[in-house]
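Ligands are counted one by one from 1 in listed order, and the atoms in each one are counted from 1 as well.
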Amino acid sequence: MRKLLVMGNWKLNGTKETVSELIKAFAAAADKAGSKAEVAICAPAIFIGQVEALAKGSRLNYGSEDCDIHTKGAFTGENSPAMIKEFGCKYAIVGHSERRGYHKESSGYVAEKFKAAQDNGLVPVLCIGESEADFDAGRTMDVCKEELKAVIDLCGIKAFENAVIAYEPIWAIGTGKTATPEIAEGVHSKIRAYLKTFDAAVADKVQILYGGSCNAKTAPELFKQPDIDGGLIGGASLKVPDFTSIIETAVSLSK
Ligand code: PEP
């Protein structure tokens, strides 16, 4: 049975003070959740050392919001998966739509990031999802398949045995327009069916998170769907009551 995973993505937000307040609260919430749900925070790289110190000894996992494809070298400004791993991260988000969009990251490049993260012992969280124009044109699954296939081609389907997928319709991210549970479940089940065409056991095992204006109000109905295994949460992961409530939802729906 797949566990529900509640993962925050702080994006370009935070101060030393808010990091301290949020991590203390979320570490306590993760401990309270026990084995009933998994909880993680992906933080800006500059705060990861602080997160490591604060989360130590708790059940709260953490990760990076991105990673480079190189282990080391002359790549000014980048953070390598090896560095991220050294600071105790479990996860590395790759292919967030803000990276694909603002930084022009292609699916092939994202696949290389996925591989670099996994090769260095991190669990990649592969973000996929369509724009509003693609949604309106009925191209959601074309986009999702292309973004998944780039990873399957480079890493093989078995790579998803140790990875997480986050389906994040771009039109829902940071807009307050959460996908309905029916729309989200429809896409999640098609993503799983697509993976099944490569390997049924892997498709059955991989956690597929929903992301896009998921909040304390919308999480319960979303998390009840059979193919939604938790959420990747942006804005609501910056607020203690909201994110804690989403963690409690996951605990109450523990599969
Ligand atoms: C995200 O950053 O991945 C995200 C889903 O953001 P939000 O929850 O704010 O829409």
> Got the closest protein heavy atom to atom 9 (O) of ligand 1, with its distance?
Replying inline: Gly235 N, 2.9 Å
>> Whether Glu221 and Lys224 form a salt bridge (side-chain N of Lys/Arg under 4.0 Å from carboxylate O of Asp/Glu) is what I want to check.
In response: yes
> Is there a donor-acceptor contact under 3.5 Å linking the side chains of Asp242 and Ser245?
Replying inline: no
>> Give me the nearest non-hydrogen protein atom to atom 2 (O) of ligand 1 as residue plus atom name, then the distance to 0.1 Å.
In response: Lys11 CE, 2.6 Å
>> Between Arg100 and Glu147, does any NZ, NE, NH1 or NH2 come within less than 4.0 Å of an OD or OE carboxylate oxygen?
In response: yes
>> Under 4.0 Å from a heavy atom of Gly212: which atoms of ligand 1 are those, numbered in the order shown and with their elements?
In response: 5 (C), 10 (O)
> Does the side chain of Gln225 reach to within under 4.5 Å of the side chain of His188, using non-hydrogen atoms?
Replying inline: no
> Can you list the atoms of ligand 1 that are under 4.0 Å from a heavy atom of Ile173?
Replying inline: 4 (C), 6 (O), 10 (O)
> Considering only heavy atoms of Asn9, which atoms of ligand 1 have at least one such atom less than 4.0 Å away?
Replying inline: 1 (C), 2 (O), 3 (O)
> Does Ser237 approach ligand 1 within less than 4.0 angstrom via side chain, backbone, both or neither, non-hydrogen atoms only?
Replying inline: neither
> Which of the listed options, Gly174, Gly231, Gly234, Gly8, holds the heavy atom that is closest to atom 8 (O) of ligand 1?
Replying inline: Gly234
>> If we set the cut-off at 4.0 Å for heavy atoms, which region of Glu168 has an atom near ligand 1: side chain, backbone, both, or neither?
In response: side chain
> Going by an N to O cut-off under 4.0 Å, is there a salt bridge joining Asp229 and Lys3?
Replying inline: no
> Are the side chains of Ile165 and Gln207 in touch, meaning some heavy atoms are under 4.5 Å apart?
Replying inline: no
> Can you list the atoms of ligand 1 that are under 4.0 Å from a heavy atom of Leu232?
Replying inline: 3 (O), 5 (C)
>> Does this structure show an ion pair linking Asp204 with Arg2, if we count only N-O contacts that are shorter than 4.0 Å?
In response: yes
>> In the structure I gave you, are the side-chain heavy atoms of Trp10 and Ser237 within less than 4.5 Å of one another anywhere?
In response: yes
> Quick one: does Ala172 get within less than 4.0 Å of ligand 1, heavy atoms only?
Replying inline: yes
> Can a non-hydrogen atom of His96 be found less than 4.0 Å from any atom of ligand 1?
Replying inline: yes
